[in-house]
Amino acid sequence: MQLPVHYEGRQVATIAADAGEVRLNYQTDWLEASDRFPVSLTMPLGEAGYGQDLVLPWLMNLLPEGEPLRAMTRVLGASSEDVLGLIIETGGDLAGALAIGSAGQDGPPGYRIVPDAAALERIITDLPARPFLVGENGVSMSLAGAQDKLPVALQGDGLAIPVNGAPSTHILKPDNPRLPDSVQNEALCMVLANRISLPTAPVTTGKAGERSYLLVTRYDRSGGESETRRIHQEDFCQALGRAPAAKYEFNRTGRRGPGLADMFALVREHMTARDINRLLDAVIFNIAIGNVDSHAKNYSILLQPEGPSLAPLYDLMTGLAWEGITTNHAQAIGGQRRGRHIYGRHWHRMAEACGLAAKATARRVEDVTKRMASELPKAVDEVAAMPAGRGIMLDVFARAMDERIREVQAHAKEARDIDQEEQIDTSVETDDTAY
C-alpha cells in the first residue's frame, strides 16, 4: 500500500506499507522545490527514507485520542491500532499543510453550508457519536486531542463543512457538559494571552440553539474565503518523536514524556532566541492561569520554507475553578508540579535545566504576571461581549485566575531558603487527561 502526501496538489512524499514495515520517502521534485519544508523536524529533507519508528508516531499524533478515537473506530469499523487505515479515511484536512491519501475525493473541493442554527446544533449534538462527521460523503478530516471539536470554514456570515479535501479555516469547540462554561473558560484564557501580546489564535464564541461553542481561527491557515492556503505545523510530540500517550512528562507508557528541558533544547536547536523567549512566556502564562493540561501536544511549531518557528498559543484553559481536576501541571517547574507551590527557587532550577539565565527568568515571571493581572478585567469584559455571553462562571474563572496570578508573582520573588527541599511529584492521576 502506498499513501501519497500532498501539499496544495503537489506530492511531497510517499508513505509505503509493505510486509509490516512503514516508510516515508520524499519526492525528488519536492526536494528541489524552492518552497520546500520538512513534514517533521524528526524527518529532515533528504533522499534517505524514514522508518516506522518515526513515521507512525508522527501519524498517530494527527488522530484524536480517547473517546473521539474510539467513536471514530466504531463508525469506520476499524481498530485504533490501524493508524494507516484511519489516516486513509480522515487525511483530507489535518493539522498543518498536508493531505494524506485520497479519501473523500468524490468531486472538486468545496463546502457544504450549514443552513441554520438548528442544523448546527444537531451537528454539535452528534459529534460525540460521529467525530469530525466521519463517514459522511465527501468529508475527510481529523484533529488531535480528546475533546469534541469540528474543523469548519467561515463562508460569509455562516459556517460550512469542508468536503473533498477543501481546507477548513476555523475549529469549532462545543461546550462540555461535564465542565460548566468551558467555552467562556477557554475564551477568557485565550483573550488574556492575546491582551498581553502573546501570539495566540484569535477566538470568539457562538450559540446554536441550546448549545454554545468556541470558534478558533486556525493559525495554520492563511488567506481569505476565496483562497485559503495551508501552513505546515507539528506539535512537540511529533517534533520529539513521541507517541500521543507520552504527551505528559509523567505518564503510564514506561517512557518519560517531554519535559521543559526537552522542549527548550528543541527550540534552541532549530529556532531563534525570540522563540525561546516566547516559549518561556507561554510556560509562565500556563502556570499562572492554572492550565494543568499544557502538555507537549498543546505547543506547536510552524514548519515553513524560511525555517521553523514557534506557533501561536491554543487550547488554553484554567483548571482552578472546577472540581475533580488534577492540581499537577503537565511538566514540572524545577521539580515542582503544583502551581501554588512554585517558588523562585523552582524557576531558578528550571532555568538552569533549560539553559536559561535564572535571575532573568524570575524577573520575566514577575513581568508576565504583572501584565496578566492588569489585563484580566478587560479580558473578562471582552469575553462577556461575545455572542455566547458571560455564562454563570466567567467571573468565577476570573477570580480564581487572579488569585493564582498574584500567587505565582509573589512566590517568584520568594528568596527564603526552605529547610526541607520539595521532591518532584511523580504521581499519576487516575485519568491523565486533565480536561
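Note that the coordinates shown come from a computational prediction; the quantities given were computed from them, not determined experimentally.
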Original post:
Could you go step by step and tell me if S40 and E234 meet the side chain to side chain donor-acceptor pair (under 3.5 Å) rule?
Top reply: CA-CA 7 Å; S40 170; E234 66 175 346; 2.7 Å; yes
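- Every residue meeting the salt bridge (Lys or Arg N to Asp or Glu O under 4.0 Å) condition with D275, not counting sequence neighbours, appears here in chain and number order: R278.
- Ring orientation note: the planes of Y314 and Y219 are tilted relative to one another, at an angle of 30° to 60°.
- Among residues two or more places apart in sequence or in another chain, the salt bridge (Lys or Arg N to Asp or Glu O under 4.0 Å) test is passed with R36 by none.
- Using a cutoff of 4.0 Å between basic side-chain nitrogens and carboxylate oxygens, E249 and R337 are not scored as salt-bridged.
- In this structure, E352 has no salt bridge (Lys or Arg N to Asp or Glu O under 4.0 Å) partners at least two apart in sequence or on a different chain.
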Please output the side-chain donor-acceptor pairs of residues 302-312 that fall under 3.5 Å, not counting sequence neighbours, one pair per line with the distance.
none

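- Each ring-ring contact (aromatic ring centres under 6.0 Å, His included) pair with one or both residues in residues 269-304, not counting sequence neighbours, appears once here: Y248-H295.
- Considering only residues two or more places apart in sequence or on other chains, K173 meets the salt bridge (Lys or Arg N to Asp or Glu O under 4.0 Å) condition with E186, D315.
- Shown here are the side-chain contact (heavy atoms from CB on, under 4.5 Å) partners of E375, two or more places apart in sequence or in another chain: L192, R195, I196, K378.
- Not counting sequence neighbours, the partners of L94 by the side-chain contact (heavy atoms from CB on, under 4.5 Å) test are L62, I100, S142.
- For L54, the side-chain contact (heavy atoms from CB on, under 4.5 Å) partners are T42, M43, Y50, not counting sequence neighbours.
- Shown here are the side-chain contact (heavy atoms from CB on, under 4.5 Å) partners of A360, two or more places apart in sequence or in another chain: A357, R363.
- Residues meeting the ring-ring contact (aromatic ring centres under 6.0 Å, His included) test with H6, sequence neighbours left out: none.
- Among residues two or more places apart in sequence or in another chain, the side-chain hydrogen bond (donor to acceptor under 3.5 Å, both in side chains) test is passed with R406 by D402.
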